[in-house]
Amino acid sequence: MKKILALFLACFMMMALAACKGEAASSGTSETAVSQAAGSGSAAGGSVYYLNFKPEQADDWVRLAGQYTERTGVPVTVVTAASGTYESTLKSEIAKTEAPTLFQVNGPVGLASWKEYCYDLSGSEIFKQLTSEDFALKDGEKVDGIAYVIETYGLIYNKTLMNRYCGLDNAKIQDVSELNSFAKLKEVADDMQKRRDELGIRGAFTSAGMDSSSDWRFKTHLANLPVYYEYQDEGISDTDAIKGTYLENYKNVWDLYLTDSTCDPKLISSKTGDDALSEFVMGEAVFYQNGTWAYTDIQRDGSLSDDEIGILPLYIGAPGEEKQGLCTGSENYWCVNKNASAADIQATLDFMNWCISSDEGRSALCNEMGFVCPFKTFTDEYLPKNPLIAAANDYLADGKTPVAWCFPTMPSDTWKNNVGGALLKYAQGTGSWEDVQKAFVDGWKTEKEAAKSAQ
């Protein structure tokens with residue numbers, strides 16, 4: 001865990017020293033550049049089928065695939081699974097004659113289900129370009145997957161509304177820098193909720209939608225915090241039996257999201273990720289739990305300028321959290337289907353390498369998709385112009401410790417869905433917090449045992 005945190009720190013400190021120029025790449029990539037981006041093997045007659053995990057970048061990947069086909073003549077098909085359905089879509093698609101040649105897993109736990117399909121990337125050019133081998137999923141010397149993006153999440157906030165609140169008489173804080181713990185966050189959010197009319201908002205927090213486009217923010221990303229702090233206490237990076245030491249803290253944050261919200265808790269089953277985004281960009285809520293990837297959607301709307309967007313750590317009331325930074329990591333690992341034809345495998349390797357080495361590919365990943373990519377080819381001009389990433393750098397520069405992404409060690413999607421279902425029933429008043437605890441703790445053990453039995 002310490003090694004991973006140190007790695008993220010080094011990576012983001014490097015970003016802090018580099019100014020993202022954010023310039024669009026020239027469309028005049030030469031044939032030589034395309035040839036160099038491709039591998040040394042033969043991709044004659046080959047094609048690429050990429051099953052994309054990230055719906056928010058679906059159109060960007062289609063455009064980039066089209067550019068590559070125009071440059072090289074190699075057909076590239078991009079299919080994006082609907083939010084929350086990636087595993088089931090992959091299971092369906094991988095069984096077809098024309099199966100994906102390029103797919104994704106979310107980490108070691110996700111890899112366990114797909115190891116037998118993974119081509120060994122240890123000799124690939126894209127593996128050689130990683131800034132550290134710790135960004136690869138390895139099985140001994142075999143490389144099964146490669147992380148292609150590092151991301152950060154926390155509590156995004158509207159600076160204009162925050163400053164407006166700080167200027168109110170008897171405000172609980174005079175500056176956002178005072179907001180460095182759960183206790184202070186609750187004090188401020190409760191006061192904002194009471195003074196909604198003065199602030200011109202509907203709630204302190206955007207709606208905690210629990211449909212598949214939004215529930216991952218709470219059953220996975222928020223759930224990462226109690227897992228992370230328990231791992232820290234125990235000095236571990238995974239476990240077959242979670243204790244649930246910080247589940248009361250988890251409850252406190254969830255309660256805050258429900259009580260100080262733009263909507264009645266009983267309505268969250270019908271609220272979506274788009275609802276939360278709209279509430280935030282329209283200034284109806286101050287806080288919006290999400291990550292650096294949300295910037296492109298916020299930017300597309302155009303209601304908020306970069307100067308109006310900030311991000312805070314996810315505080316849950318853990319000891320020493322005033323020294324905590326943002327949650328930083330990856331759950332996006334590329335894997336190549338070893339059962340594809342030799343020509344399709346080579347075509348896929350060539351496409352991956354072109355994405356991280358050509359001007360067009362790097363500009364698309366940096367400027368259009370907003371990715372921070374862990375490859376040596378991403379020099380300072382290929383860092384995204386994203387105020388949320390800049391804020392992450394500031395936390396690091398201030399000596400704050402980033403929170404590692406522990407949710408790739410969560411047992412299964414079934415576990416996440418059961419936790420999410422229990423959270424929803426609790427919010428609606430049809431279930432108890434004890435049900436959430438059982439889904440979290442008992443479900444963890446059950447699903448870990450099931451995963452081991454399946455191997």
Side-chain angles (χ1 to χ4, degrees), residues 1 5 8-9 12-13 16 151-168 170-195 199 201 203-206 217-218 221-233 245-246 248-257 259-261 280 285-292 294 307-329 387-406:
M1 183 71 68
L5 287 175
F8 290 148
L9 179 61
F12 277 87
M13 283 300 291
E151 297 175 304
T152 295
Y153 69 91
L155 198 58
I156 302 173
Y157 68 95
N158 183 314
K159 288 185 177 181
T160 300
L161 293 176
M162 179 64 73
N163 291 336
R164 186 182 300 169
Y165 170 76
C166 291
L168 294 178
N170 302 313
K172 302 299 181 181
I173 57 173
Q174 275 67 58
D175 187 83
V176 70
S177 61
E178 301 172 48
L179 220 171
N180 63 354
S181 67
F182 175 75
K184 184 57 71 173
L185 174 65
K186 176 172 170 51
E187 186 180 14
V188 168
D190 286 348
D191 197 38
M192 287 178 170
Q193 193 73 11
K194 292 176 183 176
R195 307 172 77 171
L199 288 171
I201 61 174
F205 296 92
T206 60
R217 296 188 293 141
F218 314 111
H221 284 191
L222 184 60
N224 182 73
L225 275 296
V227 175
Y228 167 77
Y229 276 106
E230 183 170 324
Y231 282 3
Q232 290 291 102
D233 287 352
T245 309
Y246 291 91
E248 191 64 25
N249 303 74
Y250 187 40
K251 176 182 181 296
N252 291 339
V253 180
W254 184 238
D255 285 344
L256 190 63
Y257 285 0
T259 58
D260 293 353
S261 172
F280 181 71
V286 182
F287 301 110
Y288 172 42
Q289 186 197 301
N290 218 319
T292 51
D307 291 339
E308 293 180 284
I309 306 167
I311 189 167
L312 296 164
L314 289 181
Y315 298 117
I316 66 169
E321 67 179 359
E322 66 277 0
K323 299 178 182 178
Q324 174 190 313
L326 303 175
C327 301
T328 302
L388 303 178
I389 291 174
N393 294 336
D394 291 340
Y395 279 107
L396 289 168
D398 289 341
K400 301 295 192 290
T401 301
V403 172
W405 284 19
C406 302

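Quick note: residue numbers are just sequence positions, from 1. Keep in mind that this is a model prediction, so the values were computed, not measured.
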*Counting distance only, does the side-chain N/O of D175 pair as donor-acceptor with the main-chain N or O of S177 below 3.5 Å?*
yes

*Does the pair L199 and R164 meet the rule for a side-chain contact (heavy atoms from CB on, under 4.5 Å), with working shown?*
CA-CA 7 Å; L199 288 171; R164 186 182 300 169; 4.0 Å; yes

*CG/L161 to CZ/F280 distance, rounded to the nearest 0.5 angstrom?*
8.0 Å

_Electrostatic pair D191:R195 at N-O distance under 4.0 angstrom_ = yes

*asked:* Ignoring hydrogens, what is the shortest heavy-atom contact between N249 and I316? Give both atom names and the distance.
replied: ND2-O, 2.9 Å

*asked:* Minimum heavy-atom separation for I311 and G154, please, with both atom names.
replied: CD1-N, 3.7 Å

*asked:* Any side-chain to backbone donor/acceptor pair from E321 onto G317? Under 3.5 Å, distance only.
replied: yes

*Any side-chain heavy atom of Y288 within less than 4.5 Å of one from Y157?*
no

*Nearest atoms (heavy-atom pairs only) where P313 meets Y395*: CD-OH, 3.2 Å

*How many angstroms lie between atom CG of D260 and atom NZ of K194, to the nearest 0.5 angstrom?*
9.5 Å

*Is it true that F182 and Y315 have ring centroids separated by less than 6.0 Å?*
no

*CZ of F287 to CG of L312: how many Å apart, nearest 0.5 Å?*
6.5 Å

*With rounding to the nearest 0.5 Å, note down the distance linking CE in M192 to CD1 in I201.*
6.5 Å

*So how far is it from L326 CG to T292 OG1, rounded to the nearest 0.5 Å?*
9.5 Å

*asked:* Looking at every heavy atom in both V403 and Q324, which two are closest together, and how far apart are they?
replied: CG2-CG, 3.5 Å

_Could you tell me if the side chain of I156 sits less than 4.5 Å from the side chain of L388, heavy atoms only?_
yes

*Do N158 and M162 come within less than 4.5 Å of each other through their side chains, counting heavy atoms only?*
no

*What is the minimum heavy-atom distance between T206 and R217, and which atoms define it?*
OG1-NH1, 4.2 Å

*Heavy-atom distance under 4.5 Å between the side chains of Y250 and L222, does that happen here?*
yes

*Centres of the W405 and Y153 rings: under 6.0 Å?*
yes

*Shortest non-hydrogen contact from K159 to D307?*
CD-O, 3.1 Å

*Kindly indicate whether the side chain of C166, heavy atoms from C-beta on, has any atom under 4.5 Å from the side chain of I173.*
yes

*Got a second to check how far Y229's OH is from Y246's OH, nearest 0.5 Å?*
8.0 Å

_Closer than 3.5 angstrom, by distance alone: can the side chain of Q174 be matched with the main-chain N or O of G167 as a donor-acceptor pair?_
no

*Should L256 and L185 be marked as a side-chain contact (heavy atoms from CB on, under 4.5 Å) after you check the CA-CA gap, both sets of side-chain angles, and the distance that decides it?*
CA-CA 9 Å; L256 190 63; L185 174 65; 4.2 Å; yes

*Would C327 and L225 count as a side-chain contact (heavy atoms from CB on, under 4.5 Å) if you check the C-alpha gap in whole Å, the side-chain angles of each, and the deciding distance to 0.1 Å?*
CA-CA 9 Å; C327 301; L225 275 296; 3.9 Å; yes

*Check against side-chain contact (heavy atoms from CB on, under 4.5 Å), Y165 and V188*: CA-CA 9 Å; Y165 170 76; V188 168; 3.9 Å; yes

*Would you say Q193's side chain and G203's backbone share a donor-acceptor pair under 3.5 angstrom?*
no

